[in-house]
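Worksheet for the structure shown next.
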Amino acid sequence: MSVRVRFAPSPTGFVHIGSLRTALYNYLFAKHHGGVNILRIEDTDRTRFVEGAEEEIIATCRWAGIEFDESTEKGGPFGPYRQSERTEIYREHAAMLLDNGNAYYAFDTSEELDKMRERQQAAGIAPKYDRSIMRNQYTLGEDETRRLLDEGAEYCIRMKVPLHAEISFVDSIRGPVTFQSRDVDDQILMKSDGFPTYHLANVVDDRLMQITHVIRGEEWLPSTPKHVLLYQAFGWEAPQFAHLPLLLNEDRSKMSKRKGDVFVYQFREKGFFAETLVNFVALLGWNPTADREMFTLQEMIDTFTLEKVNKAGAVFDYKKLEWMQSEYMKKSAPQNFVSVVKQELENKGINGIDDDYVVRVITLLRERVQFPHQIADFGNYMFEIPKSYDDEFRNKVWTEKAQQALPEVIALLRSAEDFNHTALHQTVQAYLAEKKMGFKDVMNPLRLLVTGKSVGAGMFETMEVLGKQATLERIDAMLGLLTH
RNA sequence: GCACCGUUCGUCUAGCGGUUAGGACACCGCCCUUUCACGGCGGUAGCACGGGUUCGAUUCCCGUACGGUGUACCA
């Protein structure tokens, strides 16, 4: 049987970085096995529904390079792929369970349930629906149940969990896992609003959509016995489960928005590349080899296996993410960033810069910045004559000695025929040798004159890209600023 | 509280009975050098603890500790 997996997010807000990884692993797994990757929207909780969230999920996955073979957008042979459009299916399946004695009606109000839990907590026992004393089909009897139903009373349908049974399954990542049914609650299957809970919907859909592997976050591990029981109640074979380790904050708690950025869009807005985020997040909990960090999507597809997924949660290390971003910044083609840089320039009121020139500037500066959008600011002097300078730097390098030497160096530049960096380097070097001075005496002041800044690319390389005329213009202008 | 899951440098990890416990990020030092970086070289730092099993345990088993998740008419 060919592999079919699903990413099943709830449209309740922005895509969490952990969801991105779950989606990614599902995708990698599907592609690795030549299988099918499905997007299913789990919107059975109307109270948490967020307008536009579904679109955001799709857009985010697309940005990350994660493709779906079947989805709400694309359709497919097992649709609809939005659970809110499948309520009739869940109703039918709940009825099947009612018929075969694996589910029952319950009429308790939330107040009554709260009280029950309070009592249990006070008595020091685990909070769990007590079907022997609450208001349900069993305690009320068939006639009364029928009457309440006919009368239109609010009800929900609960799963009848066996009293004493052992529930086991083999998790692809964790191995055999066993629960006792006495610890499993009589989970609500159909809510009083007519919508199913996650548990019912997920089992029914995974079955109907012929899902072979359920790859999801570890937070689902404790409710998996409910799902296993449901498969049994329906007489179905359960899919293979794989519970992924959690992504953690620095304090090792589940990664949450209270402790920093957790939404994909936040990283995207900061300028992180999809490649960076995908590569980084993939390696949080999975590693195909010990000696590499950088992988293309295709390489990940080729090497992905669940056996290589770790069991323990992984702390999201922002510093390492930044390092990886810098790596991608350096290795990506400068052409990719031209439009970003030009947009930044336009924001600064600088227009009409030649694309080729922008590429040369990006090539010059990309090792010094983390994101393309920083180039316009970091290298402003490449696009305009600086109107200010770094005061601290000036005080440090604009020395008596420098002021004496600079005019001659500038004259050298002015008369230079060849303005490429090697030629410039040789010219200045020869001059310095003659004067018994070092680069240090003259290069920093020169940097001040050309850029106004203390940091940047190599000075000769900078001047080469700038060109003779622009270099001299900047020097003259800065000289004017400095002497006022 | 109860249930389940987990535990190799600060962090991400390699390791699947015998290794000087390897790599990456971060950190520190040195080199390169026209600043900052990049790059190169080197360094600090780890198998949670206690019992077994075994000729031999980081590795297998059992406890303990610690951490995490779950415990909803949310997913």
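We name chains A, B, ... by the order of the sequence lines, and we start the count at 1 in each one.
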For this session: Tell me what A:A8 touches on the nucleic acid: a base, only sugar-phosphate, or nothing, going by heavy atoms under 4.0 Å.
Result: nothing
Exercise. Tell me: CZ of A:F195 to C1' of B:rA75, nearest whole Å?
Worked result: 14 Å
Exercise. What is the nucleic acid contact for A:T178, judged by heavy atoms within less than 4.0 Å: base, sugar-phosphate only, or nothing?
Worked result: sugar-phosphate
Exercise. Can you tell me how far CZ of A:R447 sits from CG of A:D390, rounded to the nearest 0.5 angstrom?
Worked result: 11.5 Å
Problem set entry | Whichever of A:W286 and A:T197 has its nearest RNA chain B nucleotide further upstream toward 5' | A:W286
Exercise. Rounded to the Å, how far apart are A:K128 NZ and B:rG1 C1'?
Worked result: 16 Å
Problem set entry | Touch class at under 4.0 angstrom, heavy-atom based, for A:Y198 against every strand present | base
Exercise. Under 4.0 Å between a side-chain N/O of A:T47 and OP1 or OP2 of B:rC74, yes or no?
Worked result: no
Exercise. Do A:F267 and A:F371 pass the ring pair (Phe, Tyr, Trp, His ring centres under 6.0 Å) test, and can you show the C-alpha distance, the side-chain angles, and the key distance before you say yes or no?
Worked result: CA-CA 11 Å; A:F267 293 91; A:F371 305 108; over 10 Å; no
Problem set entry | Pairwise P distance for B:rG63 and B:rC2, with rounding to whole Å | 16 Å
Exercise. Does the side chain of A:K330 get closer than 4.0 angstrom to OP1 or OP2 of B:rG39 through an N or O atom?
Worked result: yes
Exercise. What nucleotide, of B:rA37, B:rA75, B:rU35, holds the atom closest to the side chain of A:E367?
Worked result: B:rA37
Exercise. Expressed as a whole number of Å, how far does the C1' atom of B:rG22 sit from that of B:rG29?
Worked result: 22 Å
Exercise. Reckon A:R447 touches a base, only the sugar-phosphate, or nothing at all at heavy-atom distances under 4.0 Å?
Worked result: base
Exercise. When you measure from the centre of the six-membered ring of A:F7, is the NZ or CZ of A:R40 under 6.0 Å away and within 45° of the axis?
Worked result: no
Problem set entry | B:rU13 phosphate, OP1 or OP2, under 4.0 Å from A:N310 side-chain N/O | yes
Exercise. C1' atom, B:rC25 versus B:rG18: distance in rounded Å?
Worked result: 31 Å
For this session: Measure from the side-chain heavy atoms of A:V177 and tell me the nearest of B:rC4, B:rG6, B:rC25.
Result: B:rC4
For this session: Measure from the side chain of A:A314, starting at C-beta and using heavy atoms only, and say which of B:rC2, B:rU34, B:rU13 lies closest.
Result: B:rU13
For this session: Answer with base, sugar-phosphate or nothing: what part of the nucleic acid does A:G285 contact at a heavy-atom distance below 4.0 Å?
Result: sugar-phosphate
For this session: Would you state whether a donor and an acceptor, one from the side chain of A:R368 and one from the base of B:rC36, lie under 3.5 Å apart?
Result: yes
For this session: Check A:K160, A:K226, A:R131, A:R158 against A:D186 for a salt bridge (Lys or Arg N to Asp or Glu O under 4.0 Å) and give me the one that passes.
Result: A:R131
Exercise. Quick one: which of B:rU34, B:rA72, B:rA75 gets closest to the side chain of A:P127?
Worked result: B:rA72
For this session: Determine the contact category for A:V184: base if any of its heavy atoms lies under 4.0 Å from a base atom, sugar-phosphate if only primed atoms, P, OP1 or OP2 are that close, otherwise nothing.
Result: nothing
Exercise. Which part of the nucleic acid does A:F393 contact within heavy-atom distance under 4.0 Å: base, sugar-phosphate only, or nothing?
Worked result: nothing
Seminar exercise, completed: Testing B:rC12, B:rG68, B:rA75 for proximity to the side chain of A:V315, the answer is B:rC12
For this session: Taking only the side-chain nitrogens and oxygens of A:K191, find out if one of them lies under 4.0 Å from OP1 or OP2 of B:rA75.
Result: yes
Problem set entry | Side-chain N,O (A:N287) to OP1/OP2 (B:rA24) below 4.0 Å | no
Exercise. What distance, rounded to whole Å, do you find between the two P atoms, one in B:rA21 and one in B:rA26?
Worked result: 26 Å
Exercise. Is there a donor in the side chain of A:Y129 and an acceptor in the side chain of A:N136, or the other way round, less than 3.5 Å apart?
Worked result: yes
For this session: Tell me what A:D185 touches on the nucleic acid: a base, only sugar-phosphate, or nothing, going by heavy atoms under 4.0 Å.
Result: nothing
Problem set entry | Atom P, compared across B:rU7 and B:rC47: separation rounded to whole Å | 15 Å
Problem set entry | Side chain of A:D317 (C-beta onward), nearest among B:rU34, B:rG10, B:rG39 | B:rG10
Exercise. Does CD in A:E151 sit with more than 12 non-hydrogen atoms of other residues, nucleotides or ligands closer than 6.0 Å?
Worked result: yes
For this session: Take atom CD of A:E219 and atom C1' of B:rC4, then tell me their distance rounded to the nearest Å.
Result: 14 Å
Problem set entry | 5′-ward residue of the pair A:I188/A:L248 relative to RNA chain B | A:L248
Exercise. CZ/A:R207 to CG/A:L230 distance, rounded to the nearest 0.5 angstrom?
Worked result: 13.0 Å
For this session: Could you state the atom-to-atom distance from OH of A:Y90 to C1' of B:rA75 in whole Å?
Result: 13 Å
For this session: Describe the nucleic acid contact of A:T12 in one word from base, sugar-phosphate, nothing, applying a heavy-atom distance below 4.0 Å.
Result: nothing
Exercise. Is any side-chain nitrogen or oxygen of A:K254 closer than 4.0 Å to OP1 or OP2 of B:rG70?
Worked result: yes
Exercise. What is the distance from atom OG1 of A:T451 to atom CE of A:M478, rounded to the nearest 0.5 Å?
Worked result: 7.0 Å
Exercise. What distance separates A:K453 NZ from A:Y381 OH, expressed to the nearest 0.5 Å?
Worked result: 6.5 Å
For this session: Identify whether any heavy atom of A:P11 sits under 4.0 Å from a base atom; if not, whether one sits that close to sugar-phosphate; answer base, sugar-phosphate or nothing.
Result: nothing
For this session: Report the distance from atom CZ of A:R158 to atom C1' of B:rC73, rounded to the nearest whole Å.
Result: 8 Å
Problem set entry | Below 4.0 Å: OP1/OP2 of B:rC2 and any side-chain N or O of A:R117 | no
Exercise. A:N279 CG to B:rA24 P: how many Å, rounded?
Worked result: 16 Å
Problem set entry | Protein-nucleotide distance (A:L284, atom CG; B:rC25, atom C1'), rounded to Å | 12 Å
For this session: Return the nucleotide paired to B:rU58: Watson-Crick means purine N1 to pyrimidine N3 with N6-O4 or O6-N4, wobble means G-U with N1-O2 and O6-N3, both under 3.5 Å.
Result: none
Exercise. Taking only N and O in the side chain of A:K320, is any of them less than 4.0 Å away from OP1 or OP2 of B:rG23?
Worked result: no
For this session: Find the distance between CZ (A:R394) and OG (A:S388) and round it off to the nearest 0.5 Å.
Result: 13.5 Å
Exercise. Given the C1' atoms of B:rA45 and B:rA24, what is the spacing between them in whole Å?
Worked result: 15 Å
For this session: Mind checking A:S110 for me? I need base, sugar-phosphate or nothing, with any heavy atom below 4.0 Å counting as a touch.
Result: nothing
Problem set entry | Atom P, compared across B:rG10 and B:rG6: separation rounded to whole Å | 22 Å
Exercise. Given atom CZ of A:R252 and atom C1' of B:rU69, what is their separation to the nearest angstrom?
Worked result: 13 Å
Exercise. Nearest to the side chain of A:L246 - B:rG68, B:rU35, B:rC25?
Worked result: B:rG68
Exercise. If we take the P atom in both B:rU58 and B:rU20, what is their distance in whole Å?
Worked result: 13 Å
Problem set entry | Sugar-phosphate, base or nothing in reach of A:R292, heavy atoms under 4.0 Å | nothing
Problem set entry | Pair partner, B:rG6 [Watson-Crick or wobble, under 3.5 Å] | B:rC66
For this session: Describe the nucleic acid contact of A:G438 in one word from base, sugar-phosphate, nothing, applying a heavy-atom distance below 4.0 Å.
Result: nothing
For this session: Answer with base, sugar-phosphate or nothing: what part of the nucleic acid does A:E42 contact at a heavy-atom distance below 4.0 Å?
Result: sugar-phosphate
